[in-house]
Amino acid sequence: KKYFLKINFKTFKNIFFLISIFYFTYYLILNIEDISFQINKEINYSYIFLSFLFCILSIYFNGVAWKNIIIWFGQDLKNHNLISFYALTNSLKYVPGGVWHFVERFTFLRKKINEELAFCINLIEPYFMLSASLLLTSLGVIYNPLFLLFLLPSIFLHRNLIYLIIIKLQSFKNKSIRIFKLNYTKSQLREKIKIKSSFPFKIIFFEIIFILFKFLGFIYCFYIFNDLSNIDYLFIFTIFCLSWSIGLIIPAAPGGIGVFEGCFLFLIGDDYSQVYLIMSLIIFRFISSSADLLLSAPFFIKKAIKKVN
């Protein structure tokens with residue numbers, strides 16, 4: 001029965017990915033004749049620049065959050081350029097498989113600290129991002145009381161519960177990547193990992209800043225094509241956070257490509273022009289991916305030089 005449930009869960013994720021891609025592609029084709037990316041006004045170029053800038057800053061604060069996760073797990077690696085290394089490896093999430101940024105960071109950390117901690121730190125990091133994003137999604141409670149449920153993942157970040165999340169996450173991760181496996185119970189993990197404080201407020205703060213800057217990167221793309229006088233910012237923000245969260249947890253989509261766009265288009269409804277939404281989403285994906293690749297360029301150049309030598 002357990003095996004059957006696991007197979008179905010994996011199949012569900014793949015089906016959801018394909019449906020999202022199909023949904024976005026369908027509306028893209030449906031509106032293809034009306035789509036135009038001609039940007040004539042000078043102000044729109046400033047929107048593109050600001051979008052790119054906020055995407056760059058979001059990666060930086062994501063790296064700051066990762067550094068603070070390491071500190072929260074009781075490790076002090078002040079002189080190891082953690083933030084720059086995080087940014088350098090960020091674009092590896094677009095490589096098919098969606099785990100190579102995880103592998104690179106695990107390999108880097110296990111040279112500095114023990115393997116168990118290196119594995120746990122990288123394993124739990126996406127959960128921090130997810131918790132922060134869903135925490136912000138819960139602001140949509142003014143539209144629907146059920147949005148309060150999105151607060152639940154944050155509760156499990158408490159020191160007494162985080163070990164359960166680590167054990168559960170490693171069982172999922174080992175299906176896609178088998179570089180390491182934890183064979184510890186909750187009590188054994190508690191002995192191995194000395195977490196500093198009861199709740200990671202500082203980490204959540206930086207993850208929230210990361211999400212906010214990511215949203216600002218998107219909203220400036222949204223400004224290019226949409227009427228600024230008719231924008232419900234809170235509604236768009238909650239839909240953005242929810243769509244981004246879904247893209248994060250669907251491993252079949254490297255970097256959430258297709259899933260984020262499909263979910264956003266579906267959840268936003270008919271309040272805004274589909275043509276303008278599609279153009280905004282495409283521009284945002286291009287800008288955010290370009291920001292990742294720009295920051296990762298030194299990493300790939302260094303790898304290429306090593307192969308040549």
Side-chain angles (χ1 to χ4, degrees), residues 54-95 98-136 153-154 156-157 159 162-163 165-166 169-170 173 177 179-180 182 193-197 199-215 217 241 244-245 247-249 251 254-256 288-289 291-296 298-299:
F54 281 118
C55 285
I56 292 286
L57 289 172
S58 73
I59 297 168
Y60 171 79
F61 281 103
N62 206 8
V64 174
W66 184 64
K67 178 182 177 180
N68 278 276
I69 293 172
I70 296 170
I71 294 171
W72 192 57
F73 272 68
Q75 302 301 306
D76 188 5
L77 302 176
K78 289 182 179 178
N79 300 318
H80 290 84
N81 299 317
L82 297 173
I83 299 172
S84 60
F85 181 79
Y86 185 92
L88 287 169
T89 56
N90 205 46
S91 67
L92 290 174
K93 64 188 177 183
Y94 296 111
V95 177
V99 296
W100 299 110
H101 57 311
F102 176 85
V103 174
E104 200 66 40
R105 290 166 191 165
F106 169 74
T107 304
F108 172 80
L109 281 181
R110 72 176 178 179
K111 296 175 183 177
K112 320 294 181 185
I113 57 179
N114 66 65
E115 286 191 333
E116 289 93 344
L117 276 173
F119 183 77
C120 290
I121 287 166
N122 286 291
L123 186 67
I124 201 67
E125 191 243 347
Y127 187 81
F128 276 100
M129 290 192 286
L130 179 66
S131 298
S133 183
L134 292 179
L135 180 65
L136 293 171
S154 299
F156 286 92
L157 291 174
R159 180 168 53 190
I162 196 71
Y163 302 103
I165 297 298
I166 292 172
L169 286 176
Q170 74 89 22
K173 203 63 155 180
I177 178 168
I179 59 172
F180 197 77
L182 294 172
I193 304 171
K194 303 298 181 182
I195 293 175
K196 279 195 167 185
S197 59
F199 194 85
F201 290 105
K202 195 173 182 180
I203 300 169
I204 288 296
F205 171 76
F206 284 119
E207 293 290 12
I208 286 174
I209 296 298
F210 155 66
I211 298 294
L212 287 172
F213 277 17
K214 200 79 171 174
F215 173 71
C241 292
W244 187 87
S245 300
L248 180 67
I249 63 177
S288 60
S289 299
D292 284 326
L293 291 170
L294 178 67
L295 293 178
S296 297
F299 174 80

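In this structure, the separation between CG on Leu57 and CG on Leu212 is 12.0 Å, given to the nearest 0.5 Å. Phe61 CZ to Ile83 CD1: the interatomic distance, rounded to the nearest 0.5 Å, is 9.0 Å. Once rounded to the nearest 0.5 Å, the distance linking CZ of Phe128 with CG of Asn62 reads 12.0 Å. Note that the SG atom of Cys120 and the CD1 atom of Ile69 stand 12.0 Å from one another [nearest 0.5 Å]. How far CG of Asn90 is from CG of Leu293: 10.0 Å, rounded to the nearest 0.5 Å. Distance check: Ile113 CD1 to Phe73 CZ gives 9.5 Å after rounding to the nearest 0.5 Å.
Every residue was checked against the side chain to side chain donor-acceptor pair (under 3.5 Å) condition with Ser58, not counting sequence neighbours, and none meets it. Scanning for ring-ring contact (aromatic ring centres under 6.0 Å, His included) contacts around Tyr86 gives Trp66, with sequence neighbours left out. Residues meeting the side chain to side chain donor-acceptor pair (under 3.5 Å) test with Ser288, sequence neighbours left out: none. With sequence neighbours excluded, no residue forms a side chain to side chain donor-acceptor pair (under 3.5 Å) with Thr107. Evaluation of the side-chain contact (heavy atoms from CB on, under 4.5 Å) rule for Ala87 yields Ile59, Leu295 as partners, not counting sequence neighbours. For the side chain to side chain donor-acceptor pair (under 3.5 Å) test, residues two or more places apart in sequence or in another chain that qualify with Thr89 are Arg105. With sequence neighbours excluded, the residues forming a side-chain contact (heavy atoms from CB on, under 4.5 Å) with Ser197 are Trp72, listed by chain and number. Judged as a ring-ring contact (aromatic ring centres under 6.0 Å, His included), and not counting sequence neighbours, the contacts of Phe54 are Phe213, Tyr220. The side-chain contact (heavy atoms from CB on, under 4.5 Å) check on Ile71 picks up Lys67, Asn68, Lys196, with sequence neighbours excluded. For the ring-ring contact (aromatic ring centres under 6.0 Å, His included) test, residues two or more places apart in sequence or in another chain that qualify with Phe215 are Phe237, Phe240. Evaluation of the ring-ring contact (aromatic ring centres under 6.0 Å, His included) rule for Phe199 yields Phe201 as partners, not counting sequence neighbours.
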Evaluate Ser296 against Leu92 for side chain to side chain contact (heavy atoms under 4.5 Å, CB included), listing each step before the verdict.
CA-CA 8 Å; Ser296 297; Leu92 290 174; over 6 Å; no
Pair Glu115, Phe119 - check side chain to side chain contact (heavy atoms under 4.5 Å, CB included), show working.
CA-CA 6 Å; Glu115 286 191 333; Phe119 183 77; over 6 Å; no
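The shortest distance between side-chain heavy atoms of Leu157 and Ile203 does not fall below 4.5 Å. Using a 4.5 Å heavy-atom threshold, the side chains of Cys241 and Ile211 count as touching. Between Phe108 and Leu82 there is a side-chain heavy-atom pair separated by less than 4.5 Å. In this structure, the side chains of Leu117 and Leu109 stay at 4.5 Å or more apart for every pair of heavy atoms.
Here the side chain of Ser133 pairs no donor or acceptor atom with the backbone of Met129 at under 3.5 angstrom.
Summarising the geometry of Ser245 relative to Leu134, their closest heavy-atom pair is OG-CD2, 3.6 Å, with the distance given to 0.1 Å. Considering all non-hydrogen atoms of both residues, Ser131 and Ser154 come closest at O-OG, 3.5 Å. Taking each heavy atom of Leu123 and Ile166 in turn, the nearest pair found is CD2-O, 3.5 Å. Nearest heavy-atom pair, Asn122 versus Ala118, reported as atom, atom and distance to 0.1 Å: ND2-O, 2.9 Å.
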